[in-house]
Every structure is written in C-alpha cells, then in structure tokens.
2 protein chains.
Amino acid sequence: MPTPAPRSSMRERFREQVREDVKAAALDQLAAGGAQAISINAIAKHLGVSGPALYRYFANRDDLLTALVIDAYEDLHDALAHELRAGAPSRTPHERFRALAHAYRAWALAEPHRYELLFKPPLPGYDAHAEPLAAAARSLMALLLGVLAELDREDTPPATEPRSGTYQNEDVLTARTAGASEFHLAVAVWSCLHGIVSLELGGGLSAMTIDVDALFEHEVQVLIERTLV
Amino acid sequence: MPTPAPRSSMRERFREQVREDVKAAALDQLAAGGAQAISINAIAKHLGVSGPALYRYFANRDDLLTALVIDAYEDLHDALAHELRAGAPSRTPHERFRALAHAYRAWALAEPHRYELLFKPPLPGYDAHAEPLAAAARSLMALLLGVLAELDREDTPPATEPRSGTYQNEDVLTARTAGASEFHLAVAVWSCLHGIVSLELGGGLSAMTIDVDALFEHEVQVLIERTLV
DNA sequence: TCAATTCGCTAGAGGGTCTAACGTCACGAA
DNA sequence: TTCGTGACGTTAGACCCTCTAGCGAATTGA
C-alpha cells in the first residue's frame, strides 16, 4: 500500500511534474535569451513531445510566463527571508537591513532576466493575472516592513516579535492602514533599491564607468540614516 | 529653383520621410500594445506598401527599435530641457530641481511604453547599438548634473553659467573625472526617481493603494534636503 | 541617352502561437 | 472484468511574424 489515500492522484502528480519540467526548460531559455526567447514550441521539442501537447498544461504562453513570475517572486522572497534568518541573531537592525538590501541586489544580479520579468509592466492584458501576483508582491513588502520596523525602534533584535521580524502576508494591509508613514517609507526604500538595481541591469550605469558596488553601499547607508531622523 | 543645391537629394528626402512614417506607425503600435506589438509587417500594411519593402529603410526589427529608443531619449531630454527653460528665471534651484523631477515623472506617465523602452535591458545583442545610445543617456545625465550643480552651491540662478545650467554632452565626462561625488549623487538621484517611476509603471505600487503623487513629492523633498548636508 | 542605383514587388524559407479533430491509453465504477 | 469517460499526445492546418532572394520598373546623375 504505497499510496493508501492518493490525495494527489497519479495523474495530478504527473501533471505537476510536467509543469515543473516545462518551467525548468523555460527558465533555461529565459536565462539564455530573455523573456522573448521563451518558446512553447522549443520547450516541447526539448522535452521530446511535440508542439501543442504542452497546451494541456498551460493555457497559453502568457499563462506560462505568469507561472514563472510567481515562482520568481517566491524565490526572491525565500532568498531574502533566508538571508534574514541565516545571520547571527546578534546582528543589529542596521546589519540586518544592510544584509537584506545586498541580498536583494545579489539576487537580481544573479538572475537578471527573472528580475526583469518581475518588474516589467504587463501591459497588454494586465488585469488577467493580477490577483496571485499582487499577493506575491505583498509578501515581499511584508519582509521589508518587518526589517524597517526593527530599524525604527532601535532595540536589540526581536524576541518579542511574532515571527522574528517578518510580517505575514495579511499584516501588510493592517500595517498599511495603521502606520501609513511606515508603509510610505518601505515603498520609498524599495523604490530606491529597485532604481539602482534596475538601472544597473539596464546598462544605464555601466555605460558610464561607475563603481556600482560603492554607490549601492553608500545609498544603503543613506537609507539607514534616514530612518533614524 | 526650389532646390538649387539639393544637398539632401530628392531620394534622401523621401527616404527620410518614409523612415519617419514608419517610426510614427511604430509609435502607434507601441502605445497600443507595447514593444512586442511592433510589427514590421503590420506597419507596412498600414502604410499601403507590402511586407519586405520596409527592409530598404530599416535593416531589421531591432534597427527600428533602436531608432525609437534614440528618439525617445531625445524627446525626454527635450521635455526636461524645455521645463527648465520655461519657468520664470527667478526660480530657486530647489524649484528648478522639483520641476525637473516632476517633468521626468510626467513624461514617463504620459508615454509609459516609451519609458519602458528606454530602460529595458537590451539583453540579446546588447553591444550592437551601444554607441549612439550611450550618448543619448549621457545627454540626459548632463541635464541632471547641471541642476544638481546649482543646488549644491546655493546661489540664485546661473547668469554665469555657460548655458543656463545645462552641461553639454562632453562635459559629463569631465564632470565625472573632476567631481566624482557630484556624479555619484546624480546617479543616486536618478536611480531614486527611476525607481519610483518604474515601480509605478510596473503596477507594483498601484497594487497596494498608495498615493503615488504624495510619495513622489515627498521623495523629491528628501532628495533636495540631502544635497544640502 | 544610358548605365547605375534604388525601389517595391512576389515567392518562399523558417519560425512562432494556437485550434481542431483524431487515436490511444489509464482510470474508476458497475 | 468490462466498459464508458476523460485526459493525453498526435498530426494538420490557419494565421501570424521576420527576413532573404530574385525580379522588373522607375529614378537618378553623367
């Protein structure tokens, strides 16, 4: 009795497996040639099946792209959360914030195409997949809000926090209605980080010989000092 | 004798006219459906010619896209320069900077697809059109450096400036080698502006109910105060 | 007037998304 | 065990796209 209660039936397991395979192949194409290089046809050929077979698993190309975006959100969130959890618990809120910022940039530089995928305006039919996508973005925001909250009150690390300084998804909304200023600050911080990373990826900075490492480090410092006013 | 010395021969004039028509049609498609919606075939059909005729005027689709990017850079630059030149000469450097920042955001919001075009990483063959593109970017940077220079020394408006507070293209390089800190500040400011605008266009901000106007205004104020430290 | 160049055309290769219609096979219930 | 149901993968094909090759016609400059 290997599967006494196959809650996920054999079919569903296989289906999920194929979806994962397709996404993996799509990620390869993404890394190789950008979002435009992702081709359902080519993925099918690479998987040994032919053409329209994959439309059993993804409604269309946009559906596949959306799945990649959600995965990327989760991956970025996990990377940042891991970075927060990994360091020594004796780190000051400053150090935790710096670690978060650098982990953010590091993820973006390591997977530029996926980062681009995250923040590229989904212009044509942008109302389609807005729901689960907004949730993923909120999850990221929650992380930032947690660290900023620590930064704000200058205690030593949490220990009284519900979850070691990370908001849960729903808390973002409550935090927004409660302390709008905190929320504004978080958005501002995120905007600044994203601005540098985005320009860096776009090549706008590399065109002028600039030490982006130093620039980023300096801006992080400015952001930290700004929270202490 | 309408054209006694046709320095631009009849052919070249016509050729340039067609190129402009093609770019205009491409801009319509860009505004309607994003960069991905730009199709040489559709443009040709819209212009009444058929298919490959346009390849006499643009080497390929990327060539057309590059032309659009350069035009967009120039348009944005002109819009900002006009904004700087338009206001009353009695404006303080603060006001000039605020005007510049708001004009930047206004242009991006008015033509989101063109703005996206400017800063989207050209990943596949990005070394191709790097030369004229970098020049256009530098031109933008020069504008920002000029206003920041005014902000730095808190005099009343220029009158001793070479060109009313705008650097010329070459001056960017000299300014970089001379005052690296000014250059870093300019990049940081630009990054922050671009970060907010980019997130706003991407929908990351609109997902959470935020008063982006107020946020932007506040961030501009923070940037101004930062230059006075 | 006469070459040279440029233009626009059609034909076509090669790629893509996506739909339609058709066997085939596994599953689950009678 | 048998049988209907539904999911699967297939091919065929419509319809888009980019881009090349080769053709005849028109314009240009000498």
Side-chain angles (χ1 to χ4, degrees), chain A residues 1-23 25-26 28-30 32-68 122 124-125 128-129, chain B residues 1-23 25-26 28-30 32-68 122 124-125 128-129:
Chain A
M1 55 196 76
T3 58
R7 180 61 74 125
S8 63
S9 68
M10 203 60 198
R11 271 241 168 87
E12 289 179 14
R13 285 172 151 274
F14 180 70
R15 184 178 179 78
E16 204 54 35
Q17 176 63 40
V18 173
R19 278 181 66 99
E20 290 304 317
D21 290 350
V22 170
K23 289 196 287 186
D28 286 347
Q29 296 188 344
L30 179 69
Q36 200 150 8
I38 295 179
S39 151
I40 290 194
N41 248 351
I43 294 172
K45 201 164 298 181
H46 177 261
L47 292 187
V49 301
S50 232
L54 300 190
Y55 285 85
R56 301 277 184 193
Y57 301 92
F58 293 92
N60 47 39
R61 193 174 173 276
D62 254 30
D63 191 28
L64 171 59
L65 265 294
T66 301
L68 292 185
H129 43 70
Chain B
M1 59 198 72
T3 57
R7 180 61 74 126
S8 64
S9 68
M10 202 64 196
R11 269 241 168 86
E12 291 179 12
R13 285 173 152 271
F14 181 71
R15 184 179 178 77
E16 204 53 37
Q17 176 63 40
V18 173
R19 277 180 65 99
E20 290 304 317
D21 290 350
V22 170
K23 288 195 288 185
D28 285 348
Q29 296 188 345
L30 178 70
Q36 198 151 8
I38 295 179
S39 150
I40 289 192
N41 248 351
I43 293 173
K45 201 162 298 180
H46 177 260
L47 292 187
V49 303
S50 233
L54 299 190
Y55 285 84
R56 302 275 184 193
Y57 302 90
F58 294 90
N60 47 39
R61 193 174 172 275
D62 255 30
D63 191 27
L64 170 59
L65 266 293
T66 302
L68 292 185
H129 44 70

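Residue numbers start from 1 in every chain, and the chains themselves are labelled A, B, ... in the order their sequence lines are given, proteins ahead of strands. Bear in mind the structure is a predicted one, so any value in this text is a computation, not a measurement.
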Q. Which part of the nucleic acid, if any, lies within contact of B:Asn60, taking any heavy atom under 4.0 Å across all strands shown: a base, the sugar-phosphate backbone alone, or nothing?
A. sugar-phosphate
Q: Could you tell me which non-hydrogen atom of B:Leu64 sits nearest to which non-hydrogen atom of B:Ala26, and how far apart they are?
A: CD2-CB, 4.2 Å
Q | Nearest-angstrom distance from the residue atom CD1 of A:Ile40 to P of D:dC17 | A | 19 Å
Q) Name the one of A:Gln17, A:Arg19, A:Lys23 that satisfies side-chain hydrogen bond (donor to acceptor under 3.5 Å, both in side chains) with A:Asp21? A) A:Gln17
Q. So, do B:Val18 and B:Val49 sit near enough that their side-chain heavy atoms are less than 4.5 Å apart?
A. no
Q: Work out which heavy atom in A:Ala42 is nearest to a heavy atom in A:Ser39; give both atom names and the distance.
A: N-OG, 3.0 Å
Q.
Nearest 0.5 Å, please: how far is CZ in A:Phe58 from CG in A:Leu65?
A. 10.5 Å
Q: Would you mind reading off the distance between A:Tyr55 atom OH and C:dC18 atom C1', rounded to a whole angstrom?
A: 5 Å
Q: In whole angstrom, give the distance that lies between atom CD of B:Glu16 and atom P of C:dT6.
A: 16 Å
(Q) Using whole Å, what does the distance between atom P of nucleotide C:dT17 and atom CG of B:Asn41 come to? (A) 17 Å
Q.
Output the rounded distance in Å from CD (B:Gln36) to P (C:dT17).
A. 11 Å
Q. Quick one: what's the B/S/- string for nucleotides 6-13 of chain D, heavy-atom cutoff under 4.0 Å, read 5' to 3'?
A. B-BBBBB-
Q | Length of the CG-P vector between A:Asp62 and C:dT17, whole Å | A | 12 Å
(Q) Looking at A:Gly34, is its backbone amide N or carbonyl O close enough to the side chain of A:Gln29 to form a donor-acceptor pair, meaning the two atoms are under 3.5 Å apart? (A) no
Q: Please examine the side chains of B:Ile40 and B:Tyr55, heavy atoms only from C-beta on, and report whether any two atoms are closer than 4.5 Å.
A: yes
Q. Rounded to whole angstroms, how far apart are CZ on B:Phe58 and P on C:dC7?
A. 13 Å
Q) Distance from A:Ile43 atom CD1 to A:Ile38 atom CD1, nearest 0.5 Å? A) 6.5 Å
Q: Find the distance B:Arg13:CZ to D:dT28:P and express it as a whole number of Å.
A: 13 Å
**Q.** Polar side-chain atom of B:Arg56 near backbone of B:Arg15 as donor-acceptor pair, under 3.5 Å
**A.** no
Protein and nucleotides 28-30 of chain C: nitrogen or oxygen contacts under 3.5 angstrom:
none

